[in-house]
J.: 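Handing you a structure now.
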Amino acid sequence: MIGTVGALCVTGVVAMPGTASAASTLAGAAAEQGRYFGAAVSAGQLNEPDYMSRLNGEFNSLTAENEMKWDALEPSRNSFNFGTADRIVDHGRSRNMSVRGHTLVWHSQLPGWVGSLGANDLRSAMNNHITTVMRHYRGKIHSWDVVNEAFQDGGSGARRSSPFQDKLGNGWIEESFRTARAADPGAKLCYNDYNTDGVNAKSDAVYTMVRDFKQRGVPIDCVGFQSHFNSNSPVPGDYQRNLQRFADLGVDVQITELDIEGSGTAQANDYRRVVEACLAVSRCTGITVWGVTDKYSWRSGGTPLLFDGNYNKKPAYHAVLAALGGSDGGGGDASCTVSYEQTDRWGDRFNGRVTVRAGSSAISSWRVNVTVHSPQRISATWNGSPTWDSSGNVMTMRPSGNGSLSAGASTSFGFTVMANNNWTAPSIGACSVS
Ligand code: G3I
């Protein structure tokens, strides 16, 4: 009898693998790796259908981008406004998302009244803020950024000047963590900072503090690495090594505010490296990107996120999904876009250039119609294979050896228009993938 049950169990186990297919969302793929994948959210966008569809469809964790900061929650002493933050937290919980609390004690977005308190008052205001906010959200927050950005940039390794540092001395960080543990013993307590993503003097200083806290039993569970990257602050070569050395102290590590300025393949590769670094560190428990769409990013000009301003998946999205082991069925819909500019003009003619750019997946061919306005005539073309309609006004341009474009990559073709006294720009049709 026992033997039979055992045999059935073995059969059941053998039958199960192989039926799973790759997850098709960031959250699903991250979950299969035992991680969460989150986004920073603004209350102002909670009513925008496209925003919500991406948020709900792709992410299983959220952070309020501004609404849980001190100035939002306690703008005047002991007068707390939780309404807007509650909307964000309630939304996350209603969709089974975990919620990161950001942030309890930070020198920035700090209401003026805090800075004008004397030391004793400041200490009690700080502890009261931590306690009141954490009790309000008790049981609802996965991880809190208890203290944010307490160290100086550069090589000093010193603490940053702030009302807390200047009036309370070094002990205020430890005190904040002890107060936080008492207020919500179920929440993970994180220290969060930027420019600490690689091994450097600032991350060394944070490391020394965390090691000291662990040695002395000061409650700390996690360290957040904001990971705001651009060409001045690229993804460090020792990113993974840095995450690992913190994890080796016995804390979880989280990537808390990821964004990388750039576009196309280069941006996608940087995102891939970040995801791979997290996956290589077993205590790297999740990744949060600092926004859903480029259009609402705090650095929107740098297009640093995974969805463009129209909520299309960018090459970076596909790179992240693939690095997490997921797939949305071949890299998304093949598409292309066009732009036009006049490049030269003479007394009787002008040259135009059309740039063809692949969307978020690679394409192998493209087709664009260019319509000139009679009595204009196209007298020359280059970098493409043209055909003409019977009127001679509509040219259909196809590639001439330049049809294969990787995701986000571009090519261009050109033509000369004899104006015949009509200087109107040609009409450029939509780009088709063929
Ligand atoms: O809501 C007001 C609006 O009413 C007003 O008209 C407008 C005029 O300036 O300001 C709006 O508030 C802005 C707020 O973002 C919401 O858009 C603030 O001025 C602006 O300072 C604030 O910026 C935030 C910044 O923190 C403040 O330090 C960014 O959105 C937010 O992304 C950014 O997030 C920080 C993290 O908390 C910590 N790590 C760095 C990260 C990036 O700076």
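Both counts, for ligands and for their atoms, begin at 1 and track the order of listing.
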J.: Would you say T103's side chain and D145's backbone share a donor-acceptor pair under 3.5 angstrom?
T.: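 Yes, the answer is positive, given that a donor and an acceptor are paired below the 3.5 Å cut-off.
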
J.: Between E149 and Q226, do the side chains contain an N or O donor and an N or O acceptor separated by less than 3.5 Å?
T.: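 Looking only at side-chain atoms, Q226 and E149 do form a donor-acceptor pair, the distance falling under 3.5 Å.
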
J.: For the ring pair H228 and Y194, is the centre-to-centre distance below 6.0 Å?
T.: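 They do not qualify: ring centres at least 6.0 Å apart.
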
J.: Go through the side-chain N and O atoms of N81 and E74 and say whether any donor and acceptor fall under 3.5 Å apart.
T.: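 Their side chains do not contain a donor-acceptor pair, so the 3.5 Å distance test is not met.
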
J.: Enumerate the protein residues lying less than 4.0 Å from ligand 1, judged by heavy-atom distances, in chain and residue-number order.
T.: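 Protein residues near ligand 1 are E65, N66, K69, H102, W106, S108, Q109, N148, E149, Q226, H228, E257, W290, W298.
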
J.: Mind checking whether Y191 and F213 have ring centres under 6.0 Å apart?
T.: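 Aromatic pair excluded; centres sit 6.0 Å or further apart.
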
J.: By ring-ring contact (aromatic ring centres under 6.0 Å, His included), which residues pair with W144, not counting sequence neighbours?
T.: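 Checked W144 against ring-ring contact (aromatic ring centres under 6.0 Å, His included); zero matches.
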
